[in-house]
Asks: 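One structure, pasted below without further comment.
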Amino acid sequence: AWRRVQLRVELPAPTRTEAVAFLDVLRERLGGDLGLASRTMADKLHGASYADLEQVALDIRRRSVLAMPEGNTRAIAQQVIDQWRTQKYH
């Protein structure tokens, strides 16, 4: 029988360079546009964890796909980032 062991590891937030590289990998892995350049997203998401970066990218892709064909990925990205910032500071 398999047992599931949950382990929570605290990692320091990525540097800007690490965040850009991670967002580039996510962009490629998710197979699509994230609406903003990785550098711009890293700046707007300063202080975000790797998990936060991944969740924001996934949310942008999900909303973009659902908004096809006339969805504006740039506007979607800005909306998702704004929501992340609001949740982060409240």
Side-chain angles (χ1 to χ4, degrees):
W2 287 93
R3 288 186 179 224
R4 182 176 149 181
V5 177
Q6 230 174 346
L7 183 64
R8 185 177 179 111
V9 179
E10 293 291 328
L11 298 173
T15 65
R16 181 182 188 269
T17 301
E18 292 168 336
V20 170
F22 187 63
L23 288 164
D24 285 341
V25 169
L26 287 174
R27 181 184 313 276
E28 188 174 318
R29 191 181 91 203
L30 296 173
D33 181 24
L34 294 178
L36 299 169
S38 295
R39 290 180 307 278
T40 303
M41 288 182 68
D43 290 340
K44 290 179 178 285
L45 296 167
H46 176 75
S49 68
Y50 286 102
D52 287 336
L53 293 172
E54 182 177 35
Q55 286 305 308
V56 167
L58 287 169
D59 199 14
I60 291 168
R61 278 303 292 151
R62 185 179 309 111
R63 291 182 190 201
S64 295
V65 168
L66 291 173
M68 285 181 156
E70 58 276 329
N72 180 338
T73 306
R74 178 183 222 78
I76 291 169
Q78 191 58 57
Q79 180 185 30
V80 170
I81 290 169
D82 289 345
Q83 287 175 346
W84 177 83
R85 286 173 147 172
T86 300
Q87 292 171 357
K88 178 182 172 194
Y89 295 116
H90 285 81

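For the single chain, residues carry numbers from 1 onward in sequence order.
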Asks: Verify, without hydrogens or angle tests, whether Ser64 (side chain) and Ile60 (backbone) share a donor-acceptor contact under 3.5 angstrom.
Replies: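 Side chain of Ser64 to backbone of Ile60, a donor-acceptor pair under 3.5 Å: yes, one is there.
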Asks: At what distance, to the nearest 0.5 angstrom, does NZ of Lys44 lie from CH2 of Trp84?
Replies: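 Taking NZ in Lys44 and CH2 in Trp84, the distance rounds to 12.0 Å.
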Asks: Measuring from Leu23:CG to Arg39:CZ, what's the distance to the nearest 0.5 Å?
Replies: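 So the gap between those two atoms works out to 11.5 Å.
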Asks: I need the full list of ring pair (Phe, Tyr, Trp, His ring centres under 6.0 Å) pairs touching residues 23-44, with sequence neighbours left out, sorted by first then second residue.
Replies: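 Qualifying pairs, neighbours excluded: none.
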Asks: Measuring from Arg74:CZ to Leu34:CG, what's the distance to the nearest 0.5 Å?
Replies: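 Here the rounded value is 12.0 Å.
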Asks: Honestly curious: do Leu58 and Met41 fall in one hydrophobic cluster under the side-chain, below-4.5 Å linking rule?
Replies: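 Leu58 clusters together with Met41.
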Asks: Using the test salt bridge (Lys or Arg N to Asp or Glu O under 4.0 Å), find all partners of Arg16 that sit at least two apart in sequence or belong to another chain.
Replies: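 Expected list: Asp43.
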Asks: Measure the CG-CD1 distance between Leu36 and Ile81 for me, rounded to the nearest 0.5 Å.
Replies: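 Nearest 0.5 Å value for the CG-CD1 distance: 5.0 Å.
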Asks: How long is the span from the CG atom in Asp59 to the CD atom in Gln79, to the nearest 0.5 Å?
Replies: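 CD of Gln79 is found 8.5 Å from CG of Asp59.
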Asks: Report the distance from atom OG1 of Thr15 to atom NE2 of His46, rounding to the nearest 0.5 Å.
Replies: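 Separation between the atoms: 10.5 Å.
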Asks: If we ignore hydrogens and angles and just use 3.5 Å, is the side chain of Glu54 paired with the main-chain N or O of Ala51 as donor and acceptor?
Replies: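 Not at all, since once roles are kept as given, no pair shorter than 3.5 Å links the two residues.
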Asks: Check the pair Val56, Leu45 against side-chain contact (heavy atoms from CB on, under 4.5 Å), reporting the backbone distance first and the verdict last.
Replies: CA-CA 9 Å; Val56 167; Leu45 296 167; 4.0 Å; yes
Asks: For Gln78 and Asp82, test the side chains for any donor-to-acceptor distance below 3.5 angstrom and give the result as yes or no.
Replies: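 Yes, a side-chain donor-acceptor pair sits under 3.5 Å.
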Asks: I'd like to check the salt bridge (Lys or Arg N to Asp or Glu O under 4.0 Å) partners of Glu70; sequence neighbours left out, ordered by chain and number.
Replies: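 If we apply the salt bridge (Lys or Arg N to Asp or Glu O under 4.0 Å) test to Glu70, skipping adjacent residues, there are no hits.
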